Amino acid sequence: MHPTGLAAAAGTPRQPSKRRIPVSQPGMADPHQLFDDTSSAQSRGYGAPRAPSGLGYSAASTSPQAAFLADPVSNMAMAYGSSLAAQGKELVDKNIDRFFPISKLKYYFAVDTMYVGKKLGLLVFPYMHQDWEVQYQQDTPVAPRFDINAPDLYIPAMAFITYVLVAGLALGTQDRFSPDLLGLQASSALAWLTLEVLAILLSLYLVTINTDLTTIDLVAFLGYKYVGMIGGVLTGLLFGKMGYYLVLGWCCASIFVFMIRTLRLKILAEAAAEGVPVRGARNQLRMYLTMAVATAQPLLMYWLTFRLVR
Amino acid sequence: MAFTLYSLLQAALLCVNAIAVLHEERFLKNIGWGTDQGIGGFGEEPGIKSQLMNLIRSVRTVMRVPLIIVNSIVIVLLLLFG
C-alpha cells in the first residue's frame, strides 16, 4: 500500500551486518551485502505505475473491504494479530540463532556461477594458482562471490548429494541397489566427515594452534573431496576400472596439493608471519598436522568409492 | 563397512563413558596424570600432556550429570528394543 514503506522494510533485513560505511573499491559491489538487493527496484517498479492510477484504483479496490476495515474492532484485532506474529517470529529467530548460527551460514552460500566454475577448476587443477590468501574487507572475510580462495558450503553440499546419487547409480548398474543403501551411503559419508572434523579439532586443541579456522570452514574444506570422488566414480562407470583409477589418482593428487596450500596459510600462518622459525618443534607439529590432514583426503576418497566400481 | 552416524554416536558415548570412569586418586595420580601435577609455568604454552590432562578433567567435570541421564535413556531403550 505504501511503496516507500515496503522498500524501507524490505531493505533493512537485507543488510543486517552493515556496521560501518564500507570503503568502496572500483568495480566491486558492497561486500558487506551478501546478496543483491532487488527489493527496492521491485517496489519502485510497483510504486511507479501505481502512483498515477493510485487514487482511482485504491478507491475501487478498497471499497468492498472498506466496510470491513473501517470497523474499529477488527482493525484492532488485525493490528494485535500482526504484532503477535512479529513477536513470535522474533522469538523463533532468536532461539534458532542460538543453536544454528544461520547468519554466519548465509556467508557460505553467497556464491555465483562464476565462482563455482572457477572453484571447480581450481579443485581439479590447483597447480597454476599463485595467490591463495583470503581477502579481507575491514576485518570480515569477503564473501565467496568476490574471492575465489574463500571457503563455501555450496559446493560441498551439492557434491555430497551428487555423490550419494551417483553411488546409487553405480550400485544400480551392478544390480546391488536397494533404497536403504542410499541412506547407508549418505550416513557413512557423513559419519566419516564428522569423525574427520572431530579429529582435526582435537588435534588443533592439543597442539594449541590458534587459527581463525572455524568449524564450518573445516567442514567446507573437507567437503571438497566429494568432487573428486564423483569424477572418479562416473569415469569408472563409463570406462571401467582403468578410467576410475586414472581420474581418481589425478583428483587425489590435486586435492592433496589444494589442501596443503590452503591449510598452510591457515595453520602455519603465524609461524610464517613471524619469519624466523623460533620454536622448531612447534612448527614441525603444525607441518605434520597439515600433512596428515592432506594425506587423509586421498585415503578417504579411495575408501569411500572403491566398493562402487567393479 | 556399515559405518553409520548411529555407530559413531555409540562410539562417542562409549568413549565419554571411558573418560568419565578414570578415577582421579587411584589411577591418574599413579601414572602422573593428576590435575595438580605437571601444570608447568605460566609463561610458556602448555604442552600436549597438560592439554590432555586439562581435557580429561573438563570432560569429567562437565559430562558427569548428562552422562547419567543419557546412559539411563540408552539402557532403557536397549532393553526395550534390543
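Protein chains get the first letters and strands the later ones, always in sequence-line order, with residue 1 at the start of each. Here the structure is a predicted model, which means the values were calculated and not measured.
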Taking everything shown except B:Tyr6 itself, do over 12 heavy atoms lie less than 6.0 Å from its OH?
no
Under 4.5 Å from any heavy atom of chain A - which part of B:Leu52
both
Is there a donor-acceptor contact under 3.5 Å from the side chain of B:Gln51 to the main chain of A:Tyr205?
yes
Is any side-chain heavy atom of A:Leu202 less than 4.5 Å from a side-chain heavy atom of B:Leu55?
yes
What distance do A:Leu198 atom CG and B:Leu8 atom CG have between them, rounded to the nearest 0.5 Å?
7.0 Å
A:Phe306 atom CZ: more than 12 heavy-atom contacts under 6.0 Å:
yes
Hey, does the side chain of B:Thr4 reach the backbone of A:Ser187 with a donor-acceptor pair shorter than 3.5 angstrom?
no
Does a side-chain heavy-atom distance below 4.5 Å link B:Phe3 with A:Leu304?
no
